[in-house]
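Notes for the one structure printed next.
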Amino acid sequence: MDAKILSKAYDPRAVEDKWYAFWMERGYFKADTHSTKIPYSIVIPPPNITGSLHMGHALNNTLQDIVIRFKRMQGFNTLWMPGTDHAGIATQNVVEKKLSEEGIDRHGLGREKFIERVWQWKEQYGGVITKQLKKLGASCDWSRERFTMDEGLSEAVREVFVRLYQEDLIYKGNYIINWCPRCRTALSELEVEYEEESGKLYHLAYPLKGGERSVTVVTTRPETMLGDTAVAVHPQDDRYHKLIGERVILPVLHREIPIIADEYVDTDFGSGALKVTPAHDVNDFEIGLAHGLEMVKVIDEDGKMTREAGPYRGMDRFECRKRVIGDFERDGTLLKVDSYRHNVGHCYRCKTIIEPTLSKQWFVRTKPLAEAAIQAVKDGRTKIVPPVWEKTYFEWMNNIRDWCISRQIWWGHRIPAWYCEECDETIVSREEPHSCTRCGKRELRQEADVLDTWFSSALWPFSTLGWPEETEELKVFYPTSVLVTGFDILFFWVARMMMMGVRFMGNVPFRDVYIHALVRDIQGRKMSKSRGNVIDPVMVMEEYGTDAFRFTLAAFAAQGRDICLSEERIEGYRHFANKIWNASRFSLSTLADFPGITHEIDLHEMSLANRWILSRFNETVREVTAALEEYRFNEGAQAIYHFIWHEFCDWFLELIKPVLYGKDDPQERAVTQYVLIRVLDGALRVLHPFMPFITEEIWQRLPHEGKAIMIADFPQYNAGLKDEEALVDMDLVMRTIWGIRNIRGEMDIAPHKRLDVSLLAERAEVRDRLEQYRTYITHLARINSLSFITSGEKPRDAATTVLGDVEIFIPMAKDMHLGGEVRRLEKEVQKVHKELEIADRKLSNDEFISKAPAEIVEKVKAKKDALLIRDRKLTESLGKILEIGDPDGPGA
RNA sequence: AGGCACGUAGCUCAGGGGGAGAGCGCUACCUUGACGCGGUAGAAGUCGGCGGUUCGAAACCGCCCGUGCCUACCA
């Protein structure tokens, strides 16, 4: 490899894997528990082992990597803790499906064998997502990688479970829960997704006992009538007041059930009489408890009707619905069927319709835990960014309900509870007990259920650091510095980590929570496999390069707004990578003979270009640093993008070319080379957190000190380096060049044609400056001869433009279009008049003069004066052209 | 039903009480010794609508329309 010569275009493929391996080999990602540096830590939101990288992961991990690389370069002792999640239901489903392809049923295999198969599966495929994270450039400390089912993390789970149980914050009880008949497990209320669907509202007549009359109830789920144990009406409802205490005969089953009064009933809905099915409806369950109603389960774990359903026994719940309706219709007791839109709950894993079912489950009593977690955010011990999410957090935490943590699956942390076969005692213990703590019998049976995956995820910030052991890692890195995550798991995960962290560590799990957006498709829709609108990040990385992809994500990551990813933007940033590459290629080619600078250089002795770029770079450092510290990734990305492309490349490199190519001033050339390398080096450092690969590749080829840009110092803003004079002077130079280029463009003068330009500056200091910087102007505006004239020497036949203090004249050659110049000037004059009008309107308003701040008034006045001058000069020029003759005549 | 965002150039999006911005796209010209994944110039927007606050609103407030999301739940 020739260290100095770069290929013409940047090729990410030749670069990315090489540097990632380099960083890994050198151990640059590793955290150090004995470091004296200030710690800065992040725990990764652990992706599911079944997963592969999607856009959400890509965004989430790119942002974390930007932060951790930034902090690492700033000199913090950084830890980015990686790992994966065992994802109980999802993983079990995946492995079950695979087994069924082999014709194996998990029940036939047995629990132990099945779990073995899951571990095998994990060994084989579980590493996919970590490989992809590495491709993304994630600088995690992989030597510490954890998995929620690891021995250590499992110990943490048991410890937490036992303690919460002993403190009566975990209990087992018979409650109504959300049941997925396909996954055959209970779900927490967060794992149910509600979707509006069109259904039917059936009006059913229940005959009153002893008489011809009946009561009408309405339901969307007629099959549940088999489990009805009451009809409820509102106590103040005149229509039904007299019926309270009477009984109805439940059709089909001919069971007698009471009419009860409960304020829950909405008199305006349907008939105002509510059928009560305590075993299959959340609200009915509450009513059932309050009134001591019988609870009859008519639907089983598979979604089939139980023995209690009488003639419908064994039937699927939806088949049963049809049959019940048919039977009511036949009896003439189906009074009415309305179309009805309502929300139906679905399993978040398999989309099966949820069946609320009475079931014996384990719960966490969340209220006491939530209070402390709410307080932590109120106190500002944890800050949620952007703050709008704090409201959502409080809202949910204040209305939190007990958390159903038991799952009837096999893959997961088995609940550390045992039952005595003899006396039915429940024993909760860290280790497997040998005998019953009450009766001493040795026949014990472990609880079959496992814990909700989120239970172990809730411990992630401290379990990964070694808890319950008192480790150095915990001392150094807990609380973590920031958690970066999407709002979709704010409740699932963030809130629960807060509760557990505060409870078991006595301190919040993270100082900041940065909530980023969701990545959507170009039409703003969620990306999903079923919609077929997913963009695969791995393919994007291969096509455009990882750096371009990462930069796109950062540039899109404005707070509080979702990201609609567009490939055009990614392509744009691939061009940016190429731009950097070529700027570096140029720089390297001119640095070959750089003699090095051994002495201090006085800033004030430098050329304008050098002073200007140093000042602008310093400012860019300030902007990017501030942006990253406040998680304004898009603003940071924009600042460095603008600096590199539009200041460093467009202006600085062009300005210094004559010096670099010329041989007449070796001293000036050496100084310029020095500034060039310093600024390029600095810009690469600032860019590194966003684009780690290309910056490392280039930096390693530049003259440098240190082993890698990855561990180099992030540039620091220095207020003393601000060079106001250079900025002002450069502004004059730039505006003059723009003015000349504008005429060239508008007048259709060929870009390569060298022009004769006259400048008129009435103020001597402006003229002196222009004179001083004439090489910049002649070079960048491609000028043949540049002369300075006085107002008496204005040429008649010249294209002209007016800047603030400078008038530009370009003599018109025979082949130039007079008419074009006239139109151009007229357009300018019109613009000026429009602005004058606005300024006049303001200045003639007394209230503006008296109430607006003086500086604003002054500004408008100054603007008006400038506009007037401009107007006069433009009109003058226009007049001169018109004097020459017919603008559309022969000259045109 | 309640809540929260968002509506700015053809597209994707920044910005945010006193001069409407970027990227892509578009038009014209250009093999200028880093880059055509480039350069230079240009066209393009009643900043969703209507009111209000203010000397001044695209920005702040209210209402409306549109879009998206979240939460809750209606048997």
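A, B, ... follow the sequence lines: proteins, then strands. Residue 1 opens every chain. Hydrogens, waters and symmetry mates are skipped; everything else that's a heavy atom, side chains included, is used.
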*Nucleic acid footprint by protein, nucleotides 17-28 of chain B - heavy-atom cut-off 4.0 Å, B for base, S for sugar-phosphate alone*: -BS---SS----

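- Counting any heavy atom pair closer than 4.0 Å across all strands shown, Tyr264(A) reaches sugar-phosphate atoms only and no base atom.
- Comparing the P positions of C74(B) and C61(B) gives a spacing of 35 Å, expressed to the nearest Å.
- A donor-acceptor contact under 3.5 Å is not formed by the side chain of Glu395(A) with the base of A72(B).
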*Report the secondary structure of RNA chain B in dot-bracket form, marking unpaired bases with a dot and bases paired to a different strand with |, and treating Watson-Crick or G-U pairs with both distances under 3.5 Å as paired.*
(((((((..((((....[..)))).(((((.......))))).....(((((..]....))))))))))))....

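- Sparse packing is recorded around CZ of Arg13(A), with 12 or fewer heavy atoms of other residues, nucleotides or ligands lying under 6.0 Å away.
- The residue Val265(A) sits close to a base: some heavy atom pair falls under 4.0 Å.
- Taking the side chain of Thr220(A) as heavy atoms from C-beta on, and the options G33(B), C73(B), A75(B), the nearest nucleotide is A75(B).
- Across all strands shown, Asp846(A) has no heavy atoms under 4.0 Å from either base or sugar-phosphate atoms.
- You won't find any donor-acceptor pair under 3.5 Å spanning the side chain of Asp266(A) and the base of C74(B), going by distance alone.
- Arg401(A) comes within 4.0 angstrom of the backbone, heavy atoms only, and of no base.
- As judged by a 4.0 angstrom heavy-atom cut-off over every strand, Tyr661(A) is placed among the base-contacting residues.
- Residue contacts for Glu390(A): at a heavy-atom cut-off of 4.0 Å it reaches no nucleic acid atom on any strand shown.
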